[in-house]
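Structure first, commentary second.
Owing to the predicted nature of the structure, the values given are computational and were not obtained by experimental measurement. A note on names: the letters A, B, ... follow the listed sequences, proteins ahead of strands, and every chain is numbered from 1. Values reported hereafter were calculated over all heavy atoms of this structure, with side chains retained and with hydrogens, waters and symmetry mates removed.
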Protein chains: 2
Amino acid sequence: MMTDKCSELKSFMAKQRVPLSEEDFALISAAAVYKSVRKKELLLQAGEVCRFKIFISQGFLRTFRFDGEGNEHILQFSSGQSWTTEGESYSNQSPSAYYIEALEDSELLMWTKDSFDQLLAAIPALKAFSEQLIFNNLHASRNRLYKAISASPEEKYEDFVQTYPGILQRVPLRMVASYLGVSLKTLTRIRQGQLQR
Amino acid sequence: MMTDKCSELKSFMAKQRVPLSEEDFALISAAAVYKSVRKKELLLQAGEVCRFKIFISQGFLRTFRFDGEGNEHILQFSSGQSWTTEGESYSNQSPSAYYIEALEDSELLMWTKDSFDQLLAAIPALKAFSEQLIFNNLHASRNRLYKAISASPEEKYEDFVQTYPGILQRVPLRMVASYLGVSLKTLTRIRQGQLQR
DNA sequence: CACCAAAGAGGACATTTGTCCCTGTTTTAC
DNA sequence: GTAAAACAGGGACAAATGTCCTCTTTGGTG
């Protein structure tokens, strides 16, 4: 039954104080596509259109892409109880430059843009929540950009540990390095306290 | 008269194909505060709340902040015929970490959050346009973040020149360096072709 | 007109960061 | 259970980047 697949979503929306009636929530649940994925499965490939907005009930995802030299760069980690998508591809239904991959076995709820747009039009509280999410994303993105252009690798690492305690235990260090935009070597040196300053 | 102060805004909205009626536009104009500023004037100081959303009729602004060592970092250049604000401070009406400064004599139209929110509620086309602006901002911010963590200083510079031809002629190089997150020395070396690769 | 501040190029040097190797350990796959 | 791959630390070295300094030019200001 759909309802039990949606229990994490329900508690998440409640915790976020999104005022959804039972009917609202039934609409949202009915439009959701449930998907269970194994570690290393790709939810989106570069070149594909990102058709879905995703709520992660459980698990852990990353969004990344490759540069011209074939190096991976991680733009985002997405943990359980949060929303994600590749925004540019999803908004415009245009090909994505990014991959989305499961870093752990995960359980997801997904909505196509068409169905989600209908929900937004029908449910003002969902619309308001969605706008809030966008704002939060924008502010987080700008703050991270500021760190990226202003902080030393060491400061970036400290900031990462502060901001996302727990992720360090879930992903390989090289992915943290990739997320921070430094080499694994630099990250190792920082962690070993091998910097004399 | 307000109307002529708003002519640039009118042509901008027309060019962006925002379907505003004459009445809509009259409402928007009536709520606007016109301000003319001289080069080097501050429109927002760190610690202040950003009370306004700004349309730049003419001129050029920058948004920047200081890090712990007192170094300036430029987050954004805003040229004429575009909108700007300090989003996080404006949204939450909370103290800003950023400064906004005129880099050239500029002419601005400004709306308080209260008055702009009223306009958004009253004018669906403005609301839709505003949402589009937010999306564009988010996508631009993410793309820039990707460059920041993935590209070499040289690639960042090339990208800057491609993306913002013209800015180079309007601002000191040290500000470009600050925007890119590299030292002036590095930028000079790139421009002199002093890198042997 | 004179003066001062800002801009930016260049040199010298130190530091940081990255790349390339290797090694030992842990995890994954069959 | 075993082989293979991934992970992460270490050393050696090279390259990139930053800091500090000087010098010259330019532009603004009184």
Among D:dT17, D:dG9, C:dA9, the one nearest any side-chain atom of B:Pro153 is D:dT17
Figure out the OH/C1' separation between B:Tyr157 and D:dT17, and round it to whole Å.
-> 18 Å
Upstream residue (5' side of DNA chain D) when A:Pro172 and B:Asn71 are each assigned their closest nucleotide = A:Pro172
Has B:Thr186 got a side-chain N or O lying under 4.0 Å from the OP1 or OP2 atom of D:dT17?
-> no
Within 45° of the axis and under 6.0 Å from the centre of the six-membered ring of B:Tyr179, does NZ or CZ of B:Arg144 qualify?
-> yes
Side chains of A:Tyr157 and A:Arg191, donor plus acceptor under 3.5 Å = yes
On a plain distance test, is the side chain of B:Arg189 in donor-acceptor contact with the base of C:dG10 below 3.5 Å?
-> no
Please check the phosphate of C:dG8 (OP1 and OP2 only) for any side-chain N or O of B:Thr188 closer than 4.0 Å.
-> no
For atom CD of B:Glu154 and atom P of D:dA16, their distance in whole Å | 9 Å
Using 30° and 60° as the class limits, which term best fits the ring planes of B:Phe77 and B:Phe60: parallel, tilted or perpendicular?
-> parallel
C:dT19 P sits how many Å from A:Glu69 CD, rounded?
-> 10 Å
Spacing of B:Leu184 atom CG relative to D:dT19 atom P, expressed in whole Å | 11 Å
Answer with yes or no whether the side chains of B:Ser79 and B:Ser82 bring together a donor and an acceptor at under 3.5 Å.
-> no
Ignoring backbone atoms, establish whether B:Lys185 has a side-chain N or O less than 4.0 Å from OP1 or OP2 of D:dC20.
-> no
Rounded to whole Å, CG of A:Leu103 lies from P of D:dA6 at a distance of 15 Å
Between atom CZ in B:Arg174 and atom C1' in C:dA5, what is the gap in whole Å?
-> 12 Å
Touch check for B:Lys40, heavy atoms < 4.0 angstrom, all strands: base, sugar-phosphate only, or nothing?
-> nothing
Separation of atom CD1 in B:Ile190 from atom C1' in C:dA9, rounded to whole Å = 15 Å
Using the six-membered ring wherever Trp is involved, compare the ring planes of A:Phe66 and A:Tyr99 and label them parallel, tilted or perpendicular (cut-offs 30° and 60°).
-> perpendicular
Rounded to whole angstrom units, what separation is found between the CG atom of A:Leu173 and the P atom of C:dT26?
-> 15 Å
